[in-house]
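In listed order, ligands and their atoms are each counted from 1.
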Amino acid sequence: MTQDELKALVGQAALQYVVPGEIVGVGTGSTVNKFIDALASMKDSIKGAVSSSNASTERLRALGITVFDSNDVEELAVYIDGADEIDSRGYMIKGGGAALTREKIVAAQSRRFVCIADESKLVGVLGRFPLPVEVIPMAARRIIRQFSAMGGKAQLRQKDGAPLVTDNGQLILDVTGLTISEPLRFENEVNQWPGVVTVGVFATHKASVCLLGTAQGVKTLDFP
Ligand code: 5RP
């Protein structure tokens, strides 16, 4: 099976976690796009969605799914999103699609985080994928130096020859050279740095379950 087919497989499998009559939290990325397409088949049995990016909002609306402002919804039963890396404890690196801040917000308002990913995303230790960090522009240089002091190399993400600007009007640093063996400690530490909006380690808001697309089918990993 191709990677695209594995993404479609887990996108479809995630439908079993959607609670009829409720609002579902929806992430961002190519795997989530497969989920959104599959969700269209259930659109009359859900109230709608809270979305983690402008891109997902557009896709949901194009399929006739109502998108609610997260401020208007107190709690979600479930949030469904992809990951750039996930380890055997459910800790993740996210933000490859630059949507990490809104993803963490929707994850925080959800009782369960269902991660959908193809098997290439499962790692022993987080850090192979460049770690995305959303930052306030005036702090970018200082934060680059702070990562350098911990052995990482941070680079400003570019798009079409200019710094990428997020849905929140901020910048993204991608950090290589890190081995994140203690994700909770790492997330808490980087969160303290002035100018960091969101670090792409999802440890406090880790996955509750992962639907992993493999050549043998969908494998369910539970993270109690
Ligand atoms: C976007 C994300 C995505 O979940 C992550 O990048 C995985 O994307 P894809 O499903 O396209 O591989 O965190 O900010």
Can you confirm whether the side chains of Ser120 and Asp118 place a donor and an acceptor under 3.5 Å from each other? yes
A student checking ligand 1 against Lys7 at a 4.0 Å heavy-atom cut-off should list atoms 12 (O)
Quick one: nearest non-hydrogen protein atom to atom 13 (O) of ligand 1, plus distance? Gly95 N, 2.8 Å
Which is closest to atom 2 (C) of ligand 1 in terms of heavy atoms, Lys104, Gln3, Glu103, Lys121? Glu103
Contact partition for Ser53 relative to ligand 1, non-hydrogen atoms under 4.0 Å: neither
Considering only heavy atoms, which of Asn33, Asp84, Ile116, Leu100 lies nearest to atom 5 (C) of ligand 1? Asp84
Give the cluster check for Leu6 versus Ile80: same hydrophobic cluster or not, with ILVMFWY residues linked at side-chain heavy-atom distances below 4.5 Å. yes
Should you measure from each heavy atom of Gly82, which atoms of ligand 1 turn up under 4.0 Å away? 4 (O)
Check whether more than 12 heavy atoms from other residues, nucleotides or ligands sit under 6.0 Å from atom CD of Glu74, and answer yes or no. no
Have a look at ligand 1 and work out which part of Pro132, if any, has a heavy atom under 4.0 Å from it: side chain, backbone, both or neither. neither
So how far is it from Lys7 NZ to Lys34 NZ, rounded to the nearest 0.5 Å? 8.5 Å
Looking only at protein heavy atoms, which one is nearest to atom 9 (P) of ligand 1, and how far off is it? Ser30 OG, 3.3 Å
Write out the residue and atom name of the closest protein heavy atom to atom 10 (O) of ligand 1, then the distance separating them to 0.1 Å. Thr31 OG1, 2.6 Å
Here the atoms of ligand 1 under 4.0 Å from any heavy atom belonging to Asp81 are 4 (O)
Where Pro194 and Arg142 come nearest, the two heavy atoms and their spacing: CD-NH1, 4.1 Å
Side chains of Ser56 and Ser51: do they bring a donor and an acceptor to under 3.5 Å? no
Contacting atoms of ligand 1, where contact means under 4.0 angstrom from a heavy atom of Gly29: 11 (O)
Test Glu187 against Lys206 for side chain to side chain contact (heavy atoms under 4.5 Å, CB included), laying out the working first. CA-CA 11 Å; Glu187 183 183 35; Lys206 71 182 186 116; over 6 Å; no
Quick one: look up the protein heavy atom nearest atom 3 (C) of ligand 1 and list residue, atom name and how far away it is. Thr28 O, 3.2 Å
Determine the minimum heavy-atom distance between Pro137 and Gln170, stating which atoms define it. CD-OE1, 3.0 Å
May I ask you to check whether Ala99 has an N/O atom sitting below 3.5 Å from an N/O atom of ligand 1? yes
Closest heavy-atom pair and its distance - Ser70, Gln109: CB-OE1, 3.1 Å
Looking at ligand 1, would Ala98 count as a contact under a 4.0 Å heavy-atom criterion? yes
